There are 2 protein chains.
Amino acid sequence: MERKRAKSGEIRLTEVAKLAGVSPITASRFFRKPEALSPSKRERVASAAKELGYVPNLAARALASQRTEVIGVLIPSLTNNVFSDVLRGIYDASEGSRYSIQLANTRYSILQEEQLLRLFQAQKPAGLIVTGIDQTAESRAVMEAMNCPIAQIMEVGPDPVDMMVGFSHYDAAFAAVSHLIPQGYQRIGFVGAQMDPRVQRRFGGYRDAMKAASLFDPRLIVTTPVPTSITLGGSLLADLLSKAPDTDAVFCGNDDLALGVLFECQRRHLSVPEDMAIVGFNDLEFMASAVPPLTSVRTNRYEMGRSAVTMVLAAIDGNRPPEPVVDLGFQLMVRESSSPRRA
Amino acid sequence: MERKRAKSGEIRLTEVAKLAGVSPITASRFFRKPEALSPSKRERVASAAKELGYVPNLAARALASQRTEVIGVLIPSLTNNVFSDVLRGIYDASEGSRYSIQLANTRYSILQEEQLLRLFQAQKPAGLIVTGIDQTAESRAVMEAMNCPIAQIMEVGPDPVDMMVGFSHYDAAFAAVSHLIPQGYQRIGFVGAQMDPRVQRRFGGYRDAMKAASLFDPRLIVTTPVPTSITLGGSLLADLLSKAPDTDAVFCGNDDLALGVLFECQRRHLSVPEDMAIVGFNDLEFMASAVPPLTSVRTNRYEMGRSAVTMVLAAIDGNRPPEPVVDLGFQLMVRESSSPRRA
DNA sequence: CGCGCAAAAGGTAGCGCTACCATTTTTTGC
DNA sequence: GCAAAAAATGGTAGCGCTACCTTTTGCGCG
């Protein structure tokens, strides 16, 4: 009894072709370029496929055609609301294209990122979207070897691997802090968590804006590598106030911290902005509906995801954008929490 | 000039085998079962692979072996914080296993879900995790045809496709509302958004708890199919108060709405809980740090993701759990926002 | 009515890997 | 010290699909 390799038992393209009375290659074309078939054959293949419940084998397709219809996406966190907006943009833009998104989570670890990139490499994605511009040399080497369009998102900077869509966190933070100063605030604290590269650049903007106004004081700075959360914002404000009780404003590394700071102010019966101004970063949805509404830096997260995919898809089709680096900018949303000081 | 099919140009296993002086199949084994090689060959293959920078071709592997090392995950939303916790559990549990997660977003559409399931089917994942228990008949048929372990998460119910990890949204809502009543609240409103199946079951719990106490009144109910947000919570409370100005408590379909309700109360100078009690659902991180702290129903989201993956992985290895349906329960977190009424 | 050309369809030969045996080498038991 | 069992290795033949090229068909036109 001849024992041959077990077949998968699934319907194959050949069976569909046979039922439709065409050659396998014609059936194959039906799924890839239906307009290349004559209407009669198209009809026959379609009904044969439906009758048999044919499901194409993507692995076989990928192997034979040497390409996949997958776009890999690397993001550092799923918990952070910021990325959910980026992802919405990514998913929306990929909708309708025949590409599907493969998401991976680096957890803010560049080593994890390196590993995931190698995993993606084995998958030969048609395109790649990675977060940030601080990859390891090894990661860069892998990306450069991947031979597919790559978009770095969230930031802009020199020396893109391929394409870039983002904005300057430094400039945005600089603008936010520079807005507070003429409003009459002097003892402006910085609270930051996670301290990933982007938060560090925001800190840089804060520092330089403060120095430019001769207001910089290291006692006004409270940071932690702990992942960000709303609760953490409260503790960090408590720390800040114990170090610098005369703090009259806080620039927060992100909006979650800002909301935590607001709650802590409420708990301490500090009124905002009279006793304490608050400025956040990202302008998440709740900032406008908090009481009082909180000032923040609006960033175009949805659009960032959307453009990254659009650029990658265009590049796959050979239409590279004229300018590989796109700066989407930011917008300071001034609200009651940073109103001019009356004192 | 003979024109043959273009090779990918990448290093293949054969090349690695040649350099290592072993047969291709031995090299292949090195990557799948290294302990089956003698130490000397293992060493030689390893260094050959490294020297050539070999990257395995996953498509070829999947085609030849008839399986993949991918677990498909279908969730309805990326924006909703609830799922980010589930996803963390999923990613954490898959870490270390050789399986990778392929995430897809149904956007609360069962038709989208159907389509994505078909896409997954073509990929032959080793396992599948889907959200909820309300799939279309067509979706169920696809899942049953997929011949891989499947876990439904977020809810428990009768008739699992395969396995289930969740809790009863009905019971949780019933418990939350039943807690409010003996505290002295009578005119307890319900605000809900999105109104996906789980929120509808929460509403069922609310309704039945209210009816059981003879407090049910349709004027106390405000819902919208619009996706949930914090801001929306404020508008829904406004609607509720215009329909039923004597409302003295609100049970919110989720925590975002609850926070929005809190902000709206602050805006209207209604004190919580004296003028208005608030109860949310899910117990997101901010509930405990809000001012006042907000009562909510804690759900084991992280654990849900973790167990789902653990169960699927075990099932892949042939170790099906004795009980296919796991109820992770819930916990009512009573906080100041639902303190006993003084009036 | 045959010619030329484009469109449609088909044949062949892999894509890079692993399942399934068969074979060789090493270990073990007595 | 030798047979039997176990471990390590190799040869062969696909997995299901599509690239590449060739052949057939359809059709307008002189």
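Just so we're clear, the structure is a prediction, and the values are computed from it rather than from any experiment. The basis for the numbers below is simple: all heavy atoms, side chains too, and nothing from hydrogens, waters or symmetry mates. Residue numbers begin at 1 in each chain, while the letters A, B, ... track the order of the sequences.
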Quick one: are L78(A) and L103(A) in side-chain contact, heavy atoms under 4.5 Å?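 Yes, their side chains come closer than 4.5 Å.
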What is the distance, to the nearest angstrom, from the [atom1] atom on [X] to the [atom2] atom on [N]?
X	N	atom1	atom2	value
L13(A)	dT18(D)	CG	C1'	9 Å
L63(A)	dA13(C)	CG	C1'	13 Å
Q123(B)	dG16(D)	CD	C1'	16 Å
R61(B)	dT18(C)	CZ	P	5 Å
R67(B)	dC15(D)	CZ	C1'	13 Å
K124(A)	dC17(C)	NZ	C1'	12 Å
K41(A)	dG26(D)	NZ	C1'	13 Å
Q66(B)	dG14(D)	CD	P	14 Å

Should the pair Y54(A) and F31(A) be assigned to parallel (<30°), tilted (30 to 60°) or perpendicular (>60°) ring geometry?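 Geometry flag for F31(A) against Y54(A): tilted rings.
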Where do [X] and [Y] come nearest, in terms of heavy atoms and distance?
X	Y	answer
V165(A)	M304(A)	O-CG, 3.6 Å
D162(A)	P149(A)	OD2-CA, 3.2 Å
R61(A)	P56(A)	NH2-CB, 3.6 Å
Q102(B)	S100(A)	NE2-OG, 4.5 Å
S94(A)	I101(A)	OG-CG1, 3.6 Å

Within residues 42-60 of chain A, residues whose heavy atoms come under 4.0 Å of DNA chain D: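 Listed by number, they are Y54(A), P56(A), N57(A), A60(A).
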Hey, can you pull the residues of residues 19-39 of chain B with a non-hydrogen atom under 4.0 angstrom from DNA chain D?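 Listed by number, they are V22(B), S23(B), I25(B), T26(B), R29(B), A36(B), L37(B), S38(B).
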From the options dT18(D), dA9(C), dC17(C), select the nucleotide whose nearest atom is closest to the side chain of A64(B). dC17(C)
For K18(B) and E15(B): C-alpha separation, side-chain torsions, deciding distance, then whether salt bridge (Lys or Arg N to Asp or Glu O under 4.0 Å) applies. CA-CA 5 Å; K18(B) 195 167 290 171; E15(B) 273 115 272; over 6 Å; no
For residues 109-116 of chain A, please give each side-chain donor-acceptor pair under 3.5 Å, one per line with the distance, not counting sequence neighbours.
{"unit_1": "S109(A)", "atom_1": "OG", "unit_2": "L111(A)", "atom_2": "N", "d": "3.2"}
{"unit_1": "S109(A)", "atom_1": "OG", "unit_2": "Q112(A)", "atom_2": "N", "d": "2.9"}
{"unit_1": "E114(A)", "atom_1": "OE1", "unit_2": "T136(A)", "atom_2": "OG1", "d": "2.8"}
{"unit_1": "E114(A)", "atom_1": "OE2", "unit_2": "R118(A)", "atom_2": "NH2", "d": "3.1"}

